[in-house]
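Below, read A as the first sequence line, B as the second, and so on, with proteins coming before strands; counting in each chain starts at 1.
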Protein chains: 2
Amino acid sequence: MSTNLIIESITRHIRLSNEEKEHFISLLQPKIYKRKDFILEDGQVCKYSYFVTAGCLRGFTVDHNGFEHVLNFAPTGWWIADMYSLLTQKPGILNIEALENTEVLLLSKSRQEKLYHDIPQFERFFRIITENSLVSYQQRLIDNLSLTAEERYHNFCRRYPSLINTLPKKQIAAYIGVTPEFFSRMQRQMLTKGKKQQD
Amino acid sequence: MSTNLIIESITRHIRLSNEEKEHFISLLQPKIYKRKDFILEDGQVCKYSYFVTAGCLRGFTVDHNGFEHVLNFAPTGWWIADMYSLLTQKPGILNIEALENTEVLLLSKSRQEKLYHDIPQFERFFRIITENSLVSYQQRLIDNLSLTAEERYHNFCRRYPSLINTLPKKQIAAYIGVTPEFFSRMQRQMLTKGKKQQD
DNA sequence: CCCCAAACTTGATGTAGGATAAGAAATTAA
DNA sequence: TTAATTTCTTATCCTACATCAAGTTTGGGG
């Protein structure tokens, strides 16, 4: 099982003995999804946190006009879940879909709670990654209130450098909050602007 | 000292003995700000979490055109801080200002860390409120991507019912992400719409 | 109580980005 | 390889909201 990555990403924030590492790993379930598989659909209760060991997932909502809005991407090494549903155990509004064939490690809510009890350090670990996540959503909200679509695109590029060229452009558009048509126009404009600056 | 409110809001999530409560309270510093006082300015390092026991604060950023964007309000019973700066201890981008004469309890970062050590339950408490805060910023981001200004105004009303009539309208406009001019027009439209529905 | 700054409103005009449509290019499944 | 589907682009027109300007109302400090 490829658990190096998850252990490494955890021990960047807390120290664990070998037994603790093994105990933690024993709580995980590996699972494989194929491109376009849905890991979670809106209306369902989210029962797991998902850690991506290979591939890429996307979390998105569908508004009442049928348009999709991407909340987050989860490439290799990232966690994803419908936090609202996971916390409340009520039906959520998030869809999570595999953008390519993807391997994940599942940590169920009940096992996560058990983990907090068995190894209190994990309370700290999840507090820290939740804090970091909170900060980045605050920043993204401010960006959406104050930046143009083009500036938000640059922020996307900084946040997900590995995805710039691998992701369908319509997914990027749905993340920065514009239509695919406008995104296309915007890119053309950016090219001509770039050329002007070269002269 | 008016610490009933903060103890009550904490014991909604974790259980504390009387000694633990007293220890916690001993770590807090009360402070009073006057209307228009700045609790924190962008560029400063945030050294405290602030709990409002009376009055109201606002957290906002100023963009490169000089426009203000409200990240959050903190009426009585709410916490506020520049999370980014508090976590990293680097200069932040948030301003926190008193909208009226306001009483707060300060919890310094170093004391908060001491608290995690002395009473590990607090690790859980702050994890939970951070989780809840994360969920609401996620929702607000989705709302900004998918809803009209009018729908976002309704969400503001649900989130901060006590502020609808007490807050200057330009503050509400800066929260939902429109200009005061447009907010004014929007309200007039909502009135005439409401009248039509009555007929 | 009054005055002045701040907040609010209203109108005229401008613009970033959306809606629609339709064809071109790229992927996928078979 | 090809047919079918999805994605991307381009053009035209449209709308939600911004900008600018000017006047009105409000309310908090002296």
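Comment: B:Glu123 does not engage B:Arg127 in a salt bridge, judged by the lack of any side-chain N to carboxylate O separation of less than 4.0 angstrom. In summary, B:Arg185 and B:Glu181 do not engage in a salt bridge, as defined by a charged side-chain N under 4.0 Å from a carboxylate O.
In this model, a donor atom of one side chain and an acceptor atom of the other lie less than 3.5 Å apart for A:Asp143 and A:Gln139. Side-chain contact annotation: A:Tyr116 with A:Gln112, donor-acceptor N/O pair under 3.5 Å present. In this model, a donor atom of one side chain and an acceptor atom of the other lie less than 3.5 Å apart for A:Glu151 and A:Thr148. Side-chain polar atoms of B:Arg152 and B:Asn155 form no donor-acceptor pair below 3.5 angstrom.
Between B:Gln187 atom CD and C:dT10 atom C1' the separation is 14 Å, expressed in whole Å. What separates CD of A:Gln171 from C1' of D:dT6 is a distance of 12 Å, to the nearest Å. The separation between B:Asn144 atom CG and C:dG17 atom P is 14 Å, rounded to whole Å. The CG-P distance, from A:Leu99 to C:dT27, rounds to 15 Å in whole Å. Here C:dT27 presents its P atom at 21 Å from NZ of A:Lys34, a figure rounded to the nearest Å. When rounded to the nearest whole Å, the span between CG of A:Leu167 and P of D:dT6 equals 18 Å. If you measure from atom CD of A:Glu100 to atom C1' of C:dT28, you get 15 Å, rounded to the nearest angstrom. At whole-Å resolution of the value, CG in A:Leu191 and C1' in D:dT10 are 15 Å apart.
Aromatic ring pairs are classed by plane angle as parallel below 30°, tilted from 30° to 60° and perpendicular above 60°; the pair A:Tyr48 and A:Tyr50 is tilted. Note: A:Trp79 and A:Phe126 have perpendicular aromatic rings, judged against thresholds of 30 and 60 degrees for the angle between ring planes.
Enclosure of atom CG in A:Asn65 by more than 12 non-hydrogen atoms of other residues, nucleotides or ligands within 6.0 angstrom is indicated.
Taking side-chain N and O atoms only, A:Arg188 has no distance below 4.0 Å to OP1 or OP2 of D:dT9. For the OP1/OP2 pair of C:dT9 and a distance below 4.0 Å, the side-chain nitrogens and oxygens of B:Lys169 include at least one atom meeting the criterion.
Direction change of the helix axis from one end of the helix from C:dC1-D:dG30 to C:dA30-D:dT1 to the other is 60°, with five pairs defining each end axis (rounded to 10°).
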In B/S/- notation (B base, S sugar-phosphate only, - none; protein heavy atoms under 4.0 Å), nucleotides 15-30 of chain D written 5' to 3' is --BSBB-------S--

